[in-house]
Amino acid sequence: MRQQSALGLAAAVVICLAAVGFVAGLITDANAGDKKYKLEYKMKKGSGFEMATTTERKSQREMMGNEIKSTTTDMAKYVVNVIEEKGGMATASLTYKDRSHKSDDPQVQLDPDFSALLGQKARFVISERGILSGFDGFAELPELDIAGGQARRGESQYINELREFFIQLPEEKIGIGDTWSYTDEFTEPVEGGTAKIVIAYTYTLAEAAEREGFDCVRFDGEYTTTVTGTGTAQGMEYTLKLDGTGTETVWFAHKRGMLVESESISFVEGGVTAEMVGFEMPMRNDYKSTRTYTLE
């Protein structure tokens, strides 16, 4: 009888402990869902990383009743080294490691030669939130012909390409399901003129999970793009108007304080119009991009 009672008591203790563990697990899971993350870029002096991007663009345009389709693939690789950090602002050296531009567009005669760019260096400053400033040395980078001389790659394009690598992070701590937004505006030269690009981003903190060996959080992003500009081509004044949307999935190593990977799909459509001569060229570009960050 005493033995049976002891066994019964032991079984009751086991059941109670299991119940306590189950409840504790529920509480832990609930608390995990309530966790707030302070997201910031952590750029310590002497640290470094590599980053790379590949973008495929499928283009359609209509010219004088003829539809022209093409596929263009751009690839770029960079090495970033942090040379100074003070008060949440880091100065980084950027080295161009690799670059290519391949297109089957019938109006593009030759793929550009980027050999003069490789190994070149420039500097920039990045805040803990990912706002870039202090661009130095980009004006000295070689200007290169793109698209058979119809466009050139120079200072403003180099800087704008760099800005795309760093998402601006929220000021406050955020939890799963929280969102934040910001707008990026910049200009780029077009043939005989200038275009203004406005991109409005909204990101949602979707989940926490391991990625590439890092404790990460995933952002799901949506954005709208507006491109407006004017220029002169072959003595003909024209206007440019494009609008589009996109989605993005981003992995951020919150303990390391750096991005790990991102993928985006987007499009813009609209066209070029020269009212004085009654010319219109409708167009649409579809993009698929991936960015990877190799962290030390």
Side-chain angles (χ1 to χ4, degrees), residues 53 55-63 70 72 74 76 101 103 105 107 112 122 124-127 129-136 138-139 141 143-168 180-203 221-248 262 264-277 279-289 291:
T53 180
T55 299
E56 181 184 77
R57 183 185 76 228
K58 292 186 178 294
S59 300
Q60 295 177 244
R61 61 186 185 274
E62 186 176 324
M63 185 178 297
S70 64
T72 301
D74 283 282
H101 174 94
S103 179
D105 192 314
Q107 291 187 320
F124 65 98
V125 176
I126 179 171
S127 72
R129 286 188 58 213
I131 298 174
L132 303 190
S133 60
F135 303 105
D136 181 37
F138 291 90
L141 295 175
E143 289 194 353
L144 301 170
D145 285 326
I146 306 292
Q150 297 179 34
R152 295 185 67 82
R153 189 65 61 199
E155 178 184 11
S156 61
Q157 294 96 326
Y158 291 133
I159 291 174
N160 293 337
E161 289 169 349
L162 177 63
R163 287 153 63 106
E164 292 177 356
F165 274 94
F166 297 97
I167 293 169
Q168 292 185 26
W180 74 98
S181 302
Y182 67 93
T183 300
D184 201 6
E185 298 185 13
F186 53 91
T187 60
E188 285 200 354
V190 295
E191 189 171 1
T194 303
K196 179 182 179 181
I197 298 96
V198 180
I199 309 177
Y201 298 92
T202 297
Y203 288 97
E222 297 181 347
Y223 54 95
T224 60
T225 303
T226 301
V227 182
T228 55
T230 59
T232 303
Q234 298 178 353
M236 179 180 65
E237 295 182 357
Y238 69 88
T239 59
L240 172 67
K241 181 71 167 66
L242 299 167
D243 295 287
T245 63
T247 59
E248 186 174 16
S262 72
S264 64
I265 298 174
S266 63
F267 77 91
V268 291
E269 61 183 352
V272 175
T273 304
E275 294 184 355
M276 292 184 63
V277 295
F279 173 82
E280 292 185 7
M281 185 174 69
M283 63 176 65
R284 176 181 169 118
N285 293 332
D286 288 84
Y287 301 88
K288 184 176 182 179
S289 299
R291 294 187 182 88

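We number each residue from 1, following the sequence as shown. Please read these numbers as outputs of a predicted model, since none were measured by experiment.
- In terms of heavy atoms, T230 sits closest to V190 at O-CG2, 4.0 Å.
- With sequence neighbours excluded, no residue satisfies ring-ring contact (aromatic ring centres under 6.0 Å, His included) with Y287.
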**OP:** Evaluate the criterion side-chain contact (heavy atoms from CB on, under 4.5 Å) for residue pair D105 and R61; output intermediate values, then yes/no.
**Re:** CA-CA 11 Å; D105 192 314; R61 61 186 185 274; 3.0 Å; yes
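- Residues passing the side chain to side chain donor-acceptor pair (under 3.5 Å) test with T72, sequence neighbours excluded: R57, S103.
- Under the side chain to side chain donor-acceptor pair (under 3.5 Å) criterion, Q168 pairs with no residue, sequence neighbours left out.
- Partners of F135 under the ring-ring contact (aromatic ring centres under 6.0 Å, His included) rule, at least two apart in sequence or in another chain, are F138.
- Partners of S156 according to the side chain to side chain donor-acceptor pair (under 3.5 Å) rule, which considers only residues two or more places apart in sequence or in another chain, do not exist here.
- Distance check, rounded to the nearest 0.5 Å: CE of M283 to CD of E62 gives 11.5 Å.
- In this view, E164 and R291 satisfy the side chain to side chain donor-acceptor pair (under 3.5 Å) rule, not counting sequence neighbours.
- One distance of note links CD1 of I159 with OG of S133; it measures 11.0 Å at 0.5 Å rounding.
- Note that CZ of F124 is 10.0 Å distant from CZ of F165, once rounded to the nearest 0.5 Å.
- Residues meeting the salt bridge (charged side-chain N to carboxylate O under 4.0 Å, His left out) test with K196, sequence neighbours left out: E185.
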Can you give each donor-acceptor pair under 3.5 Å made by side-chain atoms of residues 233-248, sequence neighbours left out, with the distance rounded to 0.1 Å?
residue, atom, partner, partner atom, Å
Y238, OH, E191, O, 2.6
T239, OG1, T273, O, 3.4
K241, NZ, D243, OD1, 3.1
K241, NZ, D243, OD2, 2.5
D243, OD1, T226, OG1, 3.3
E248, OE1, Y203, OH, 2.7

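- In this structure, L144 and Q157 have side chains that are not in contact, with every pair of non-hydrogen atoms separated by 4.5 Å or more.
- A 4.5 Å side-chain heavy-atom check between Q60 and P282 finds every atom pair outside the cut-off.
- Put simply, OG1 on T225 and CZ on F267 are 9.5 Å apart, with the number rounded to the nearest 0.5 Å.
- Every salt bridge (charged side-chain N to carboxylate O under 4.0 Å, His left out) that D184 has, sequence neighbours left out, goes to R163.
- To the nearest 0.5 Å, atoms CD1 (I199) and OG1 (T224) are separated by 8.5 Å.
- The salt bridge (charged side-chain N to carboxylate O under 4.0 Å, His left out) check on R284 picks up E269, D286, with sequence neighbours excluded.
- I265 and Y223 make their closest contact through O-OH, 4.1 Å (heavy atoms, listed as atom of the first residue, atom of the second, distance).
- The distance from atom CZ of F186 to atom CG of N160, rounded to the nearest 0.5 Å, is 5.0 Å.
- Heavy atoms from other residues, nucleotides or ligands lying under 6.0 Å from CD of E161 number more than 12.
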